[in-house]
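Contents: one structure, followed by commentary.
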Amino acid sequence: MDAAQAVEWAQARAEALVGALAGRDRAVLEVDGREVRLTHLGRSLFPAGETKLDLLRYLLSVAPVLLSHLADRPLTLVRSPDGTPSTAFFQKNPPPGAPTWLATAAVEGGRQLLARTSADLALFAQWAAVELHVPPARLRQGDLVPDQLVVDLDPMPPAAWPEVRRAARGVRRLMEAAGVRSFPKLSGATGLHVYVPVVAGPADPPTARVAAGLGRLLAAAAPDLYTVVRAVARRRGVYVDAGQNGRGRTLAAPYSVRLGDAPRVSTPLDWDEVDEAHPDAHTIHTVPERLVRRGDLFAAALGPPQPLAALAELAAPWLDRR
DNA sequence: GCATTCC
DNA sequence: GGAATGCAACGCTTT
DNA sequence: AAAGCG
């Protein structure tokens, strides 16, 4: 079964499960053989009135692909019970009272949340965990091993989406020059993330250093477009944030909803779409249907991995510069 | 959203 | 009993 | 040394 079929099935199941909840504010949902207690289903989480029930419907609809991108990655939830970004809080450890069936992983001394099933996602909806963040690294035998290099493009006002598009084209060319496949997605806020599935050889520098080198390379070639300067006041154009590849860093997962003035989704794109796409066009209302039509454009961002050396070589002259 | 702690 | 509080975390940079 | 940043 391919991604489109899986989502079609999941969407039908979501409609059936959520349909049975219509008009109710509390309920017990049975999914994947688990019982999830739901409350405040009518609570609005976005200005246009999308509710916790809408978030639940979305998460269940995209569950097969969303879960594939969360697998083996310790989760950071961004919870906002009233939908307001300013009152949101992070949660990475299981809260007291969490159901015993919710999986956790031992990560660097603590226990962190994992998502494995649709029941897990339903629980996160109940928790008003609007954003699901994961590291570009996977758990393997208790260790967190980087499996993706991410170039995070963030426009600094007055730069905006048009500048991000131009910046993305440059990143695409750079990745083509390195001979690696790369995959763009909307951050769901104002920026864009480019993912490269990689595997590091023993002699390779860490992905964070390679990403920082690529950022400096881009900024040297087009200083009006790219900036790698940390100090916010001195940034111009599009900020290339290599820090997202560092230890313990996370990004909004593919297909994660984002908090804000609309339920935008961090949506994978085709490279050829980047010039036409706009973040506002991809929300919980549009992404499930898009998945059925296009499949999961990020499936190959999970692998097969490509040698990090291909990028390390390009970045080499810039690795230890500033 | 909810368990815990504080007054 | 009702209100307040915590719920991540850390290296790197700038000041 | 402390504060800012993501």
Side-chain angles (χ1 to χ4, degrees), chain A residues 25-29 36-45 51-53 55-56 73-100 102 104-114 120-137 144 146 150-157 187-193 205-213 215-216 219 227-236 238-253 258-259 266 319-322:
Chain A
D25 205 54
R26 21 183 353 124
V28 174
L29 181 73
V36 183
R37 257 130 197 114
L38 303 171
T39 62
H40 306 111
L41 287 170
R43 172 97 98 234
S44 170
L45 295 178
T51 62
K52 262 175 71 172
L53 188 66
L55 175 63
L56 174 66
R73 303 181 196 270
L75 273 170
T76 299
L77 307 179
V78 182
R79 299 178 54 189
S80 183
D82 68 0
T84 314
S86 62
T87 61
F89 56 93
F90 294 87
Q91 184 139 36
K92 50 194 341 181
N93 309 121
T100 54
L102 183 65
T104 62
V107 181
E108 283 146 23
R111 295 211 76 82
Q112 257 183 274
L113 301 166
L114 295 174
D120 301 343
L121 299 178
L123 180 66
F124 299 156
Q126 166 58 17
W127 286 352
V130 175
E131 301 195 3
L132 309 176
H133 293 206
V134 290
L144 207 45
V150 184
V151 177
D152 177 2
L153 301 175
D154 224 353
M156 307 308 296
S187 76
T190 57
L192 184 124
H193 301 150
T207 54
R209 265 185 75 212
V210 176
R216 286 183 210 113
T227 181
V228 294
V229 176
R230 290 274 170 159
V232 171
R234 302 192 43 233
R235 287 184 199 155
R236 298 288 184 280
V238 176
Y239 178 52
V240 184
D241 182 9
Q244 300 290 14
N245 294 280
R247 248 212 230 326
R249 308 304 303 280
T250 62
L251 300 97
R258 303 305 301 272
L259 284 166
S266 187
L319 282 186
D320 290 308
R321 305 256 297 264
R322 39 170 66 209

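So that the names make sense, note that chain A is the first sequence line, chain B the second, and so on, each numbered from 1.
One interatomic measurement links the two molecules: CZ of A:Arg234 to P of C:dT15, which rounds to 7 Å at whole-angstrom precision.
Closest to the side chain of A:Ala128, out of C:dA9, B:dG1, C:dG11, is B:dG1. Closest to the A:Gln244 side chain, of the nucleotides C:dT14, D:dG6, C:dA8, is D:dG6.
Judged by centroid separation below 5.5 Å and plane tilt below 30°, A:Phe89 stacks onto the base of B:dG1.
With 3.5 Å as the limit, one finds a donor-acceptor pair spanning the side chains of A:Thr39 and A:Gln126.
Between A:Gly42 and A:Thr51, the closest heavy-atom pair is O-CG2, 3.4 Å.
For A:Arg111, the CZ atom sits in a packed shell: over 12 heavy atoms of surrounding residues, nucleotides or ligands are nearer than 6.0 Å.
Nucleic acid contact for A:Arg249: base, since at least one base atom lies under 4.0 Å from a heavy atom of the residue. Base engagement by A:Pro81 is indicated by at least one non-hydrogen atom pair under 4.0 Å involving a base atom.
OP1 and OP2 of C:dT14 both lie 4.0 Å or more from every side-chain N or O belonging to A:Arg235. For A:Arg43, a side-chain nitrogen or oxygen approaches OP1 or OP2 of B:dG1 to under 4.0 Å. The phosphate of B:dC2 (OP1 or OP2) has a side-chain N or O of A:Gln126 nearer than 4.0 angstrom. The phosphate of C:dC7 has neither OP1 nor OP2 within less than 4.0 Å of any side-chain N or O from A:Asn93.
A gap of 15 Å separates the C1' atoms of D:dA3 and C:dA9, to the nearest Å. B:dA3 and C:dA8: their P atoms are spaced 16 Å apart (whole Å).
The CG atom of A:Leu53 sits 9.5 Å away from the CG atom of A:Leu29 when rounded to the nearest 0.5 Å.
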